[in-house]
Asks: 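Below: one structure in structure tokens.
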Amino acid sequence: MARRREPPRIELQAERKHRNGSVEKAVWVIKHFDEGKGRQAVISTGFGADEGADAQKYFAQWLVEKTSDQPVARNRDAGDVPVAEVLDYFIEERIKLKVGSSHRPLARPQEVLAYVIDLLNWWGKKTVAEVTRQNCQRYAEHCSTPTAGRNRLEYLRRAINLAQDDGILVVAPKVHLPPKPAARDEVFERDDIAKLMRHCLRRGTYTYGEAKSKGTGKVGQVRETKRRPHRHLMSYILMATYTGTRSNRMFTASFVREAGRPWIDLKRGIYHRAAPKEDVAPNKGAPTCKIPKRLLRHMRRWYMLGRRYPIEYNGKPIKSSKGLRKIIRELFPDKDLVPHSFRHTAATWLMRRSELSVHDISGFLGMSLEILDRTYGHHRVSHQSAIDDAISSGGIGKIEKDDPLEDEFNYGDITPLDTMRNNSNQGKSTRTKRNGNTEKSRDAA
């Protein structure tokens with residue numbers, strides 16, 4: 001039986017000493033099977049042992065470029081198809097989109113590519129037939145959290161289903177996912193938002209270190225600086241709270257019309273969440289919305305102060321909300337809140353307003369009516385106000401005085417019960433029984 005070819009993978013090559021006395025430092029390398037030479041090949045990424053993140057990015061880019069356009073064998077059993085081949089095909093069809101492809105682009109292709117690399121590192125030596133409940137459970141335990149395992153297994157399922165749909169697999173095995181975690185139901189309140197804003201306005205601090213302050217007597221002392229290192233996060237908080245926009249749409253937004261960026265039209269007060277000609281993923285809606293006047297005043301002021309982007313630090317747009325996540329964790333340690341909770345907050349606050357239509361809220365947030373009702377519908381209880389009034393007034397259970405039927409009927413002194421109608425001791429009816437002669441004489445008359 002021929003030895004199974006191992007999929008491409010990235011490994012840390014240990015430090016090596018040569019005979020001439022030279023030392024080659026540890027480096028991340030890519031190992032793969034070279035079809036032309038018929039043997040395993042090793043490619044150096046050029047990144048050292050402490051540059052693992054950069055090496056992973058290099059490997060991801062190499063993996064995308066490496067996928068070929070050669071025809072794939074069809075109608076094979078799961079035991080004959082390596083998981084690595086299925087994942088390579090998924091990269092080829094979904095991440096490296098071809099011209100005229102019927103697939104829609106992924107919302108976060110780089111993140112999905114990182115998931116695929118993680119899957120390759122664990123599943124690469126297995127076949128599709130080995131995708132069993134036990135192996136799925138072992139992989140979920142291997143990941144940092146059950147949620148991380150579920151996210152990656154979902155893309156393994158999509159890759160296997162794609163291979164079956166395109167005829168590579170005859171039968172696709174079931175990918176067993178860990179239970180879906182409960183949705184976050186905690187949101188920010190107005191006091192929480194105010195607390196965050198005050199914290200972001202604080203000045204930074206400087207701690208005297210021993211290297212620079214030795215002999216001054218200030219080592220370990222902390223003083224306040226003039227800088228406000230978290231001030232730029234206030235813009236994020238305001239935009240996320242008032243519009244409920246996803247983070248990536250705010251990070252890439254611009255006050256000036258640019259290719260590949262969402263545009264904020266300050267003159268008309270309109271926020272184009274999607275870039276011009278962008279093909280938006282159906283589950284990541286980015287509809288155009290009207291900017292609330294309270295937020296629009298802030299945005300116009302930011303632009304007049306010289307900003308090109310609404311959320312920028314040192315003149316450049318920020319790319320992540322890690323700093324804000326850390327602040328939220330420090331200020332609210334007992335609450336399950338993250339930067340994405342601002343979107344939940346916006347949806348919750350809007351659903352609490354009875355005068356707002358759910359259709360308008362859905363269109364404003366870029367959220368389907370089904371998700372809006374299922375996730376935030378329990379916050380909309382204003383339609384029960386009439387029930388509240390009826391119970392609170394003490395009139396529930398009474399017949400209203402202006403009911404026209406109230407005086408039409410009265411039982412009198414005795415109120416009959418259902419049991420009375422079946423009582424065997426009741427007297428016989430006094431009604432006269434008609435005989436046959438009486439009926440005949442009446443008919444003759």
Side-chain angles (χ1 to χ4, degrees), residues 1-10 30-36 38-40 59-60 62-109 111-143 146 148-180 281-283:
M1 181 177 178
R3 183 181 176 183
R4 186 190 305 162
R5 296 177 182 177
E6 295 186 355
R9 62 195 183 280
I10 185 169
I30 298 173
K31 294 184 178 181
H32 71 103
F33 186 84
D34 192 328
E35 296 287 349
R39 58 182 175 84
Q40 185 175 348
F59 177 53
W62 177 89
L63 200 60
V64 172
E65 296 175 355
K66 176 254 177 189
T67 51
S68 63
D69 295 329
Q70 297 178 357
V72 182
R74 307 283 175 176
N75 299 324
R76 289 181 287 168
D77 294 331
D80 299 331
V81 181
V83 174
E85 182 179 339
V86 170
L87 293 174
D88 284 345
Y89 185 76
F90 182 78
I91 293 175
E92 177 78 13
E93 294 295 323
R94 296 306 317 274
I95 298 179
K96 187 182 176 183
L97 284 180
K98 301 176 183 178
V99 178
S101 174
S102 60
H103 299 293
R104 298 182 68 89
L106 298 171
R108 294 182 291 269
E111 180 179 317
V112 174
L113 191 57
Y115 288 170
V116 173
I117 292 174
D118 290 343
L119 290 168
L120 276 172
N121 292 334
W122 200 90
W123 292 92
K125 297 181 180 180
K126 295 178 172 58
T127 64
V128 177
E130 296 178 81
V131 180
T132 60
R133 181 188 297 275
Q134 291 76 15
N135 282 333
C136 290
Q137 185 176 356
R138 292 191 190 101
Y139 178 74
E141 294 171 354
H142 163 78
C143 295
R150 180 184 175 88
N151 292 340
R152 287 151 179 78
L153 286 173
E154 283 179 346
Y155 283 99
L156 176 62
R157 180 175 62 182
R158 294 177 67 175
I160 292 175
N161 291 341
L162 178 64
Q164 185 191 27
D165 293 341
D166 291 355
I168 298 175
L169 285 170
V170 177
V171 178
K174 180 179 179 180
V175 179
H176 299 271
L177 305 179
K180 190 172 184 178
N283 62 330

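Keep in mind that what you see is a predicted model, and the values were worked out from it rather than measured. By convention here, the first residue in the shown sequence is residue 1.
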Asks: For Cys143 versus Gly149, what's the shortest heavy-atom pair and its separation?
Replies: SG-CA, 3.6 Å

Asks: Report yes if the side chains of Val83 and Leu119 come closer than 4.5 Å at any heavy-atom pair, otherwise no.
Replies: no

Asks: For the CZ atom of Arg152 and the CH2 atom of Trp122, what is their distance to the nearest 0.5 Å?
Replies: 14.0 Å

Asks: Judged by atom type as modelled, is there a donor-acceptor pair below 3.5 Å linking the side chain of Arg74 to the main-chain atoms of Asp166?
Replies: yes

Asks: For the atom pair CG (Leu177) and CG (Asn151), what is the distance rounded to the nearest 0.5 Å?
Replies: 9.5 Å

Asks: Please evaluate residues Cys136 and Val131 with respect to the criterion side chain to side chain contact (heavy atoms under 4.5 Å, CB included), reporting the C-alpha separation (whole Å), side-chain torsions for both, the decisive distance (0.1 Å), and the verdict.
Replies: CA-CA 7 Å; Cys136 290; Val131 180; 4.1 Å; yes

Asks: Does Thr127 offer a backbone N or O that forms a donor-acceptor pair with the side chain of Glu130 under 3.5 Å?
Replies: yes

Asks: In plain terms, say whether Arg150 and Glu154 are close enough for a salt bridge, that is, a side-chain N and a carboxylate O under 4.0 Å apart.
Replies: yes

Asks: Mind listing the closest non-hydrogen atom pair of Asn161 and Ala172 along with its distance?
Replies: OD1-CB, 4.2 Å

Asks: Which atom pair, heavy atoms only, marks the closest approach of Ile160 to Pro173?
Replies: CG2-CD, 3.9 Å

Asks: What I want to check is whether the side chains of Tyr115 and Glu111 have a donor and an acceptor closer together than 3.5 Å.
Replies: yes

Asks: To the nearest 0.5 Å, what is the distance between CG (Asp118) and CG (Leu87)?
Replies: 11.0 Å

Asks: Could you grab the distance from atom OH of Tyr155 to atom CZ of Arg94, nearest 0.5 Å is fine?
Replies: 8.5 Å

Asks: Rounded to the nearest 0.5 Å, how far apart are OG1 of Thr132 and CD of Gln137?
Replies: 10.0 Å

Asks: What I want to check is whether the side chains of Arg138 and Asn135 have a donor and an acceptor closer together than 3.5 Å.
Replies: yes

Asks: So which heavy atom on Val175 is nearest to which on Leu153, and how close?
Replies: CG1-O, 3.7 Å

Asks: Nearest 0.5 Å please: distance from the CD atom of Glu92 over to the CG atom of Leu162.
Replies: 11.0 Å

